[in-house]
Amino acid sequence: MATSSDGALVQVVGLKKYFPITQGIVFQRKIADVKAVDGLDFSIQRGETLGLVGESGCGKSTTGRTVLQLYSPTAGQVVFQGKDLTKLHGEDLRKMRRNMQMIFQDPYASLNPRMTVGDIIGEPLEVHNIAKGKEKKERVQELLSIVGLNPYFVNRYPHEFSGGQRQRIGVARALAVNPAFIVCDEPISALDVSIQAQIINLLEELQEKFHLTYLFIAHDLSVVRHISDRIAVMYLGKIVELTDRNALYANPLHPYTKALLSAVPIPDPIIEEKRERIILVGDVPSPVNPPSGCRFHTRCPLAIDICKRVDPEFRDVGNNHWVACHVV
Amino acid sequence: MATLLEVKDLKTEFRTQDGVVHAVNGVSFTVDEGETLGLVGESGCGKSVSVLSVMRLIPHPPGKITNGQVLFQGRDLLQVDDEEIRSVRGNKIAMVFQDPMTSLNPVLTIGTQIGEALELHLGMTKEQARKRSVELLKMVGIPEAEGRLDDYPHQFSGGMRQRVMIAMALSCSPQLLIADEPTTALDVTIQAQIVDIVKRLKTELGMAIIWITHDLGVIAGLADRINVMYAGFVIETAPVKEIFGNPLHPYTLGLLTSIPRLDAAMKSKLTPIEGLPPDLIEMPKGCPFYNRCTFRTDQCANENPALELGAVRHSVACWNWQDVLKKRAAYLSGRA
Ligand SMILES: Nc1ncnc2c1ncn2[C@@H]1O[C@H](COP(=O)(O)OP(=O)(O)OP(=O)(O)O)[C@@H](O)[C@H]1O
Ligand SMILES: Nc1ncnc2c1ncn2[C@@H]1O[C@H](COP(=O)(O)OP(=O)(O)OP(=O)(O)O)[C@@H](O)[C@H]1O
Ligand code: SF4
Ligand SMILES: [Mg+2]
Ligand SMILES: [Mg+2]
């Protein structure tokens, strides 16, 4: 297990999520699986931000949703506050849900255009029987000011707001039920550069104020390194490396992490001039038919014979630095 | 270096139901032969409309170029006839867009699409065009190029399609390549592949490039010079090291302090730019950055500053850039 379990708010063990690919119109037959998430082990400490990075399609969103049981896992456990969520159903699961919320990438698509801001933020308060009527309205106004919006906005509709403001509304809705844990799925990717910092700072302030624990998903490693305490790097449905933010940058061990780090541009022409890039050849293979052995071997500059045959074990190489690679 | 392109006081607007959108508001800039110019700025600031105006590709209506000159090798492209602008496009000036799928025809093979341009613009035979197409695909790093000529666009990944677009853009050896966010939709490792190829081709072919992006990181490693745009204006222009090392406009400074850097040693706090860009329909009378600016003075509310020289080859449109210069260190401290 990645990191000891003491103090862990969330503990994920052997988590898998496959999406069946079916064929046929009347009789649907399963012909294959998209192995979107294929065996993850990690834990998130109370009050910590765990960053999850990787390229498009590597399974980041699926991981976030499966942890929250928005998708039912194909295999594995998600232990949250000591309870295995995968064993809970109905009312029990609904009660636990109150402690876990999600913030989505697209502030446009994730807010119902026909609901007022007050109704959007107030909905979870009603669903979980926390507040209604005047009390609900007061709580909504309080939430609006917490996320830096004017409390008088309660009766407005999402289209009246900018992207950054809509994302604040999404954050307010997630906070409404006082959750302990929030999955932030690319919360700033759809925003302009000058607005991104506003939301990053807001998330950091709220974390401190309300002792929140975050799983922060993004493909931008600079942003993830900024906000996270520890970082998990995903490739094709698996975590290939997991360590703290400084070790990942100063001492990356997995060849994929090294390539990813070297590909991230740094906004400094003097540094860029001198940088050596590891240019990976080819594209990410399909998760329907992932390569045998180590999934990265088809693009890995260091691959040796065993990499094609044997899936490397995800192991602690010391100081809580986890990596899955034969060459390390 | 000789000037290849000179844009003078370009204005482009769109007449919409809500009013006139002032997309480009008197933009002037030059591109030298072999030079790479970066156009940066946030969404809606007029980057695409500027270069589409240069190519005369603004949809009319609702769009209209209302003022200016676009001098390419001395001739004003805004004045030449339709036939001449068509021969300039794709031949002397080529363009690559953000989403390669919209610019590739899904029902034609890759080989047919590259070959078409070669036959049309360069008068090659089918046989010659096919041979050259293979060379071009190899040049942009498509493996087993011969075997892929008869594939359709959907059989290529996003990164490969963008490389095909670059190959097509280069097919007629243009003097100027305009790339509008060519890597924004791609993953970083694929972006690194494309940037690597473009850097190599730029030295090999000696062409000039206008590279549009909102990513200050990508442009830092690629551009010779940068135009920072805001609300349809170029608000600062300088060689790349000047922009990053000696920013003089409050907006440029704000951009630099608001982005996290991968190499930041400590978990330092970001300084966001508060507020939002102005409404391009009701443009403010003074400086367009006024409502978000921490350096503003009364003059800024009423008069829009023009670009003026702030350092060698470095122009800035701000009444208070000297103040920025004085206080900048405090803004940048805490950064790596
Ligand atoms: N509901 C679904 N049904 C079938 N396949 C799915 C579904 N959701 C995701 N997938 C597939 O699972 C894989 C992982 O997708 P996921 O959305 O988790 O990736 P991601 O890392 O979040 O990517 P991105 O950075 O593009 O958001 C992809 O191949 C995707 O096509
Ligand atoms: N066809 C159109 N009709 C009306 N307005 C338009 C049209 N095309 C562009 N605009 C407006 O012109 C302004 C400048 O747009 P432009 O596409 O140049 O921005 P950009 O800097 O390229 O932004 P992005 O980074 O989002 O691509 C925007 O406010 C946009 O809404
Ligand atoms: S002119 Fe005034 S408002 Fe505009 S950027 Fe300069 S200081 Fe700020
Ligand atoms: Mg995702
Ligand atoms: Mg654009």
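Worth saying up front: this structure is predicted, and the values here are computed from it rather than measured. Below, chains carry the letters A, B, ... as their sequence lines are ordered, and counting in each starts from 1.
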In Å and rounded to the nearest 0.5 Å, what is the [atom1] to [atom2] distance from [X] to [Y]?
| X | Y | atom1 | atom2 | answer |
| --- | --- | --- | --- | --- |
| B:Phe244 | A:Ile271 | CZ | CD1 | 11.0 Å |
| B:Leu262 | A:Tyr249 | CG | OH | 5.5 Å |
| B:Leu256 | A:Asp268 | CG | CG | 9.5 Å |

Residue part contacting chain A, namely of B:Gln193, when any heavy atom lies under 4.5 Å: both
CD (B:Glu204) with more than 12 external heavy atoms under 6.0 Å: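 It does: B:Glu204 CD has more than 12 such atoms within range.
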Over 12 non-hydrogen atoms of neighbours within 6.0 angstrom of CD in A:Glu160: yes
Using non-hydrogen atoms only, which part of [X] is less than 4.5 Å away from chain B: side chain, backbone, both, or neither?
| X | answer |
| --- | --- |
| A:Asp220 | neither |
| A:Val224 | neither |
| A:Ser189 | neither |
| A:Ile279 | side chain |

Residues in residues 254-262 of chain A near chain B [non-hydrogen atoms, under 4.5 Å]: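 Hits under 4.5 Å: A:Leu260, A:Leu261.
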Those residues of residues 193-205 of chain A, ordered by number, that approach chain B below 4.5 Å (heavy atom to heavy atom): A:Val193, A:Ser194, A:Ile195, A:Ala197, A:Gln198, A:Ile200, A:Asn201, A:Glu204, A:Glu205
Worked check of salt bridge (Lys or Arg N to Asp or Glu O under 4.0 Å) between A:Glu273 and B:Lys241: CA-CA 11 Å; A:Glu273 227 168 45; B:Lys241 287 181 189 163; 2.9 Å; yes
Nearest heavy atoms of A:Ala263 and B:Ala192, plus distance in Å: CB-CB, 3.8 Å
Nearest atoms (heavy-atom pairs only) where B:Ser157 meets A:Asp283: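 Nearest heavy atoms, B:Ser157 then A:Asp283: OG-OD2, 2.9 Å.
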Heavy-atom side-chain contact between A:Pro267 and B:Arg261 under 4.5 Å: yes
Flag side-chain contact, heavy atom, 4.5 Å: A:Glu55 against B:Thr189: yes
Most contacts with chain B, counted as non-hydrogen pairs under 4.5 angstrom, among A:Gln165, A:Arg245, A:Arg277, A:His219: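 Winner by heavy-atom pair count: A:Arg245.
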Leading residue by heavy atom contact count with chain B [cutoff under 4.5 Å; candidates A:Ala250, A:Gly282, A:Gly163, A:Gly148]: A:Gly282
Pair B:Asp187, A:Ser56: side-chain N/O donor-acceptor within cut-off below 3.5 Å: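 Their side chains do not contain a donor-acceptor pair, so the 3.5 Å distance test is not met.
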Using a cut-off of under 4.5 Å for heavy-atom pairs, which of [options] has the most such pairs with chain A?
| options | result |
| --- | --- |
| B:Gly254, B:Pro143, B:Gly245, B:Gly221 | B:Gly221 |
| B:Leu255, B:Leu186, B:Leu276 | B:Leu276 |
| B:Asp196, B:Leu222, B:Asp215 | B:Asp196 |

